[in-house]
Amino acid sequence: MDPKAVKSDLVPILDFGSQYTHLITRRIRSLSVFSLCISGTSPLSTITSLNPKVVILSGGPHSVHADNSPSFADGFVEWAQSNGVFVLGICYGLHLLVQRLGGEVRVGEKQEYGRMEIEVEKSCGILGGKVGDRQVVWMSHGDEAATLPNGGVAAVEDKYRRFFGLQYHPEVTHSPEGMETLRSFLFEVCGVNAGWKMEDVMDEEIKVINNMVGPDDHVICALSVGVDSTVAATLVHKAIGDRLHCVFVDNGLLRYKERERVMETFERDLHLPVTCVDVTEQFLSKLKGVVDPELKRKIIGKEFICVFDAFAKELENNLGKKPVFFVQGTLYPDVIESCPPPGTGRTHSHTIKSHHNVGGLPKDMKLKLIEPLKLLFKDEVLQLGRILTVPYSFLKRHPFPGPGLAVRVLGDVTEDNALDTLRQVDEIFIQLIKDAGIYDSIWQAFAVFLPVKSVGVQGDQRTLSCCCSPGCYKYYFEREFLDDVVQKICNNVRGVNRVALDITSKPPSTIEWE
């Protein structure tokens, strides 16, 4: 997607390392205004090439007094003034703006982190409201603007030069009126045009794909059980038809009847050209005896490459020519994370995350990437999926890790019938959640197989059986529901006599156990 082709004014965010920068971008997009996150130290030519009407300077963990603290490019202030571009600085962005305009920024007598109350002393464009109005906002700063070129303390503005600033973070939910502040600033103060729609994104991306892929070129895509690769493949298929060749790998680490269910969706509902490859024995033989989770991931990544390489070579033999492109479901957060903001001490080199393309592409394949979702967030991908008629039930599926059940079986996946046991436990747990009508209210739920034996009594006999641990992320079940879960698991899954609920927050734990 070409940012210049969108039908709304573009609002770039200059990222100086705030943990909330992604959130600013998403909040603005939710107002049907297209927004991009770029490095705060981007050359001025990069910013001007986007022809923005508004530029937002993000917050960050830095102090403008620190050596080598990041800043926008020389000439940025003068360019914004001469071209009538509105500039909003948030927290650290405000400090930069104040300092560059001749004001004073000093280290605060006390640091402010958390909820604070502010009062409108003078009605202004960015805050609006009446004098005396109060609102709760979220502060996170150590420095403060002391002597200002113009304006107040929590919010500043220079209407003539179109410079504005907020000492707090309007983009977080802890600032209840923050979205209204952003909406008012963009539409009432800046006069931004809100014309960004997902239908336009789809049409534009199809044009990009058709311009990129030659009329005789063939494209391959490795489909997972996830939403991202499925939406990406569906979009590319809509553009080029059956010159797209998808491969789905059954590595023996999928959930209960996962292969049958997703293949039905791919073929019956989406009409995607998919080859299913069963390499269960290949993967499990390599994982036998392996208990270290990181080693599991590396083995799985390597085997995926082998399978994918074999598929590409077979396709080349069948077509009589090499495929040219590879489809990948990279999302915008992955792109941003691969190019860290200034001041983090990390490089800006682009790195594909392993959970999107496990282990990376074989270097000798020399395929060109098609990443049709690389400027979209997850919720936007779901919107696009609905437009592309991907079934709602598929779009709402909970996330599943790239290494599959290998990281949900603690220990050796080939021992104690662990995989089959876990599949049954997980299926019962998820089905009960669906039956209770709460599946869509939970971001992620699953079960884990624990490598321990527990003494129990089943059928009037002593048993020494396995333990499992179902759980979910940020959802609290009723006790009656949990009793039903335990009863159905222990009564229907042979080899399990104890169920332990995972209620640990994340952090200190992680979503996946391994």
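The two residues Ala447 and Leu422 make their nearest non-hydrogen contact at O-CD1, 3.3 Å. Contact detail for Cys91 and Gly59: the closest heavy-atom pair is CB-CA, 4.1 Å. Taking every heavy atom of both residues into account, Ala418 and Val413 meet most closely at CB-O, 4.1 Å. The two residues Gly471 and Phe429 have their closest heavy-atom pair at O-CE2, 3.5 Å. Nearest heavy-atom pair, Lys53 versus Cys190, reported as atom, atom and distance to 0.1 Å: CE-O, 3.1 Å. The two residues Lys286 and Gln282 have their closest heavy-atom pair at CG-O, 3.2 Å.
Using a 4.5 Å cut-off on side-chain heavy atoms (C-beta onward), Trp79 and Val85 make contact. In this structure, the side chains of Ser35 and Ile24 stay at 4.5 Å or more apart for every pair of heavy atoms. The side-chain heavy atoms of Tyr392 and Asp440, taken from C-beta on, include a pair separated by under 4.5 Å. At a threshold of 4.5 Å between non-hydrogen side-chain atoms, the residues Thr265 and Leu270 count as touching. In this structure the side chain of Asp9 never reaches within 4.5 angstrom of the side chain of Val54, judged on heavy atoms. When side chains are defined from C-beta on, Leu186 does not count as touching Phe86, because their heavy atoms never get closer than 4.5 Å. At a threshold of 4.5 Å between non-hydrogen side-chain atoms, the residues Phe449 and Leu405 do not count as touching. Counting only heavy atoms from C-beta outward, the side chains of Leu373 and Leu384 approach each other to under 4.5 Å.
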When you look at Val219 and Ile209, which way does the side chain to side chain contact (heavy atoms under 4.5 Å, CB included) test go after all the steps?
-> CA-CA 11 Å; Val219 179; Ile209 294 168; over 6 Å; no

Let me see the working for Lys321 and Asp216 under salt bridge (Lys or Arg N to Asp or Glu O under 4.0 Å), right down to the final yes or no.
-> CA-CA 10 Å; Lys321 59 189 304 184; Asp216 298 319; 5.3 Å; no

Verify salt bridge (Lys or Arg N to Asp or Glu O under 4.0 Å) between Lys207 and Asp203, making sure each step is shown before the conclusion.
-> CA-CA 6 Å; Lys207 291 179 183 177; Asp203 293 340; over 6 Å; no

I would like to know whether His237 and Asp242 meet side chain to side chain contact (heavy atoms under 4.5 Å, CB included); could you show each step before the answer?
-> CA-CA 7 Å; His237 187 246; Asp242 287 348; 2.9 Å; yes

Could you go through the side chain to side chain contact (heavy atoms under 4.5 Å, CB included) check for Thr234 and Leu272 one step at a time?
-> CA-CA 7 Å; Thr234 304; Leu272 291 174; 4.1 Å; yes

Would you please test Ile387 and Val201 for side chain to side chain contact (heavy atoms under 4.5 Å, CB included) and show each step?
-> CA-CA 11 Å; Ile387 295 171; Val201 172; over 6 Å; no

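The distance from the SG atom of Cys466 to the CZ atom of Arg494 is 12.5 Å, given to the nearest 0.5 Å. In this structure, Ile28 CD1 and Met179 CE are separated by 9.0 Å, a value rounded to the nearest 0.5 Å. Annotation: the span from Phe326 atom CZ to Glu371 atom CD amounts to 9.5 Å, rounded to 0.5 Å. Here the CZ atom belonging to Arg408 is positioned 5.5 Å from the CZ atom belonging to Phe400, to the nearest 0.5 angstrom. Between atom CG of residue Leu395 and atom OG1 of residue Thr389 there is a gap of 9.5 Å, rounded to the nearest 0.5 Å. If you take CG on Leu419 and CG on Leu284, they are separated by 6.0 Å, rounding to the nearest 0.5 Å.
Phe187 is linked by a ring pair (Phe, Tyr, Trp, His ring centres under 6.0 Å) to nothing, counting only residues two or more places apart in sequence or in another chain.
No salt bridge links Glu415 with Lys288; every basic N to acidic carboxylate O contact stays at or beyond 4.0 Å. Here Lys378 pairs with Asp228 in a salt bridge; the nearest charged N to carboxylate O distance falls below 4.0 Å. In summary, Arg259 and Asp278 engage in a salt bridge, as defined by a charged side-chain N under 4.0 Å from a carboxylate O. Taking a cutoff of 4.0 Å between a charged side-chain nitrogen and a carboxylate oxygen, Glu264 and Arg261 do not qualify as a salt bridge.
Shown here is Glu478, whose CD atom has no more than 12 heavy atoms of other residues, nucleotides or ligands within 6.0 Å. By the 6.0 Å contact criterion, NZ on Lys368 is open, its count of non-hydrogen atoms from other residues, nucleotides or ligands being 12 or less.
Side-chain atoms of Asp412 come within 3.5 Å of backbone atoms of Thr414 as a donor-acceptor pair (strictly under, hydrogens ignored). Between the side chain of Ser184 and the backbone N or O of Thr181 there is no donor-acceptor pair closer than 3.5 Å. Listed for the Arg423 side chain is no donor-acceptor partner under 3.5 Å among the backbone atoms of Lys257. With Tyr332 contributing its side chain and His22 its backbone, the two residues share no donor-acceptor pair below 3.5 Å. Thr21 places no side-chain N or O within 3.5 Å of a backbone atom of Gly17 that could act as its donor or acceptor partner.
A tilted orientation is assigned to the rings of Trp196 and Phe34, their planes being inclined by 30° to 60°.
Partner Arg29 forms a side-chain contact (heavy atoms from CB on, under 4.5 Å) with one of Leu36, Asp379, Val11 and no other, that one being Leu36. Under the ring pair (Phe, Tyr, Trp, His ring centres under 6.0 Å) test applied with His398, the options Trp443, Tyr439, Phe446, Tyr473 reduce to a single match, Tyr439.
Gln424 and Asp420 share no side-chain donor-acceptor pair at under 3.5 Å. Using a 3.5 Å distance cut-off with no hydrogens or angles, the side chains of Ser18 and Ser58 do not pair a donor with an acceptor.
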